[in-house]
Amino acid sequence: MIDLALRLSGQQASRGSAPWPGHEYAKGWGVFGLPFDSGHVLALRVFPESSFGPYRTVWHRTPGGRWSLYVDGPRLDAACPRYYGPACDHIGFAGIHLAWTGPASLRVTMDSPSLQWTLSARSTPVLAVVNAVSSALLSRAGARGRWCEAGNSWPALSGWAGCG
C-alpha cells in the first residue's frame, strides 16, 4: 500500500502558474465523492497549488440531493464554487483541517458547520487495473508530471462521518 500521508502531506501551499499560457492551473488531490448508507455524500478537494492560490473544499450532498460547498481559501470565486456554485444550495467559507492519522488514514474536520470525518484508503483489484490502464494511457499520450511519476495510484476510500 502506498503511504498517502507521506506523499500528500508534504505538498507546499503556493500560487502556481499553468504550463499553458492563458489557462488556469490547479494541482492537488481529493476524495471524489464518498456515499454513505444514510444517503449523504461527502467529497474533499485539496489544492495546495493553483493559479489563484491554495484552497480546500468540502462538498456535502443531503439525501434529498441538495449540495453545499465549503471553502477554506482566499475567495469563493477562486475555488470550486466558481464552476459548481450555480448547482449548489449553499456556498460558504469554513476552516477545513486535515490530520493524517496513519499511512492511509485521514481525519478531516471543519469548524462551521461542524464536521468530523475519518477515512481510510485501501487498494482493490479493480483499482489496480484502472491504475495500470490509466498509467499506460497517460504515458502513451505524453502526459508526464509528478502524478504520473508518483505511480498513478488511486486507492479506494472508506470512512464514516459525524456532522453536528
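No experiment lies behind these values; they were computed from the predicted model shown.
- Within the 4.5 Å cutoff, no side-chain heavy atoms of Lys27 are placed close to those of Ser50.
- Of all heavy-atom pairs between Ala94 and Ser112, the closest is CB-O, 3.6 Å.
- With rounding to the nearest 0.5 Å, the separation of OG1 in Thr118 from CG in Leu106 is 8.0 Å.
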Requested in this report: For ring pair (Phe, Tyr, Trp, His ring centres under 6.0 Å), just list the numbers for Tyr84 and Trp67, CA-CA rounded to whole Å, side-chain angles, deciding distance to a tenth of an Å, and then say yes or no.
Outcome: CA-CA 10 Å; Tyr84 304 105; Trp67 282 97; 9.3 Å; no

Query raised in the report: Can you list the steps and then say if Leu42 with Val108 is a side chain to side chain contact (heavy atoms under 4.5 Å, CB included)?
Result: CA-CA 11 Å; Leu42 288 174; Val108 180; over 6 Å; no

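- A donor-acceptor pair under 3.5 Å links the side-chain atoms of Arg45 to the main chain of Val31, judged by distance alone.
- Smallest separation of non-hydrogen atoms from Pro63 and Ser38: CG-O, 3.4 Å.
- Note that CZ of Arg66 and CZ of Arg61 are 13.0 Å apart. Values are rounded to the nearest 0.5 Å.
- Interatomic distance, CE of Met110 versus OG1 of Thr57, reported as 10.5 Å (0.5 Å rounding).
- With hydrogens and angles disregarded, no donor-acceptor distance shorter than 3.5 Å links the side chain of Ser105 to the backbone of Thr101.
- In this structure the side chain of Tyr70 reaches within 4.5 angstrom of the side chain of His90, judged on heavy atoms.
- Using modelled atom types, one side-chain atom of Arg56 and one backbone atom of Ile96 make a donor-acceptor pair closer than 3.5 Å.
- Separation of atoms SG (Cys88) and CH2 (Trp59) is listed at 6.5 Å; rounding is to 0.5 Å.
- Summarising the geometry of Pro48 relative to Gly28, their closest heavy-atom pair is CD-CA, 3.8 Å, with the distance given to 0.1 Å.
- In this structure, Leu8 and Leu98 have side chains that are not in contact, with every pair of non-hydrogen atoms separated by 4.5 Å or more.
- The shortest non-hydrogen separation linking Ile91 to Gly85 is CD1-CA, 3.3 Å.
- Residues Phe52 and Pro74 form no side-chain contact, since every pair of their non-hydrogen atoms from C-beta on lies 4.5 Å or further apart.
- How far CG of Leu69 is from NE2 of His60: 12.0 Å, rounded to the nearest 0.5 Å.
- Remark: the backbone N or O of Gly95 is paired with a side-chain donor or acceptor of Asp111 at under 3.5 angstrom.
- One distance of note links CH2 of Trp100 with CG of Leu4; it measures 5.0 Å at 0.5 Å rounding.
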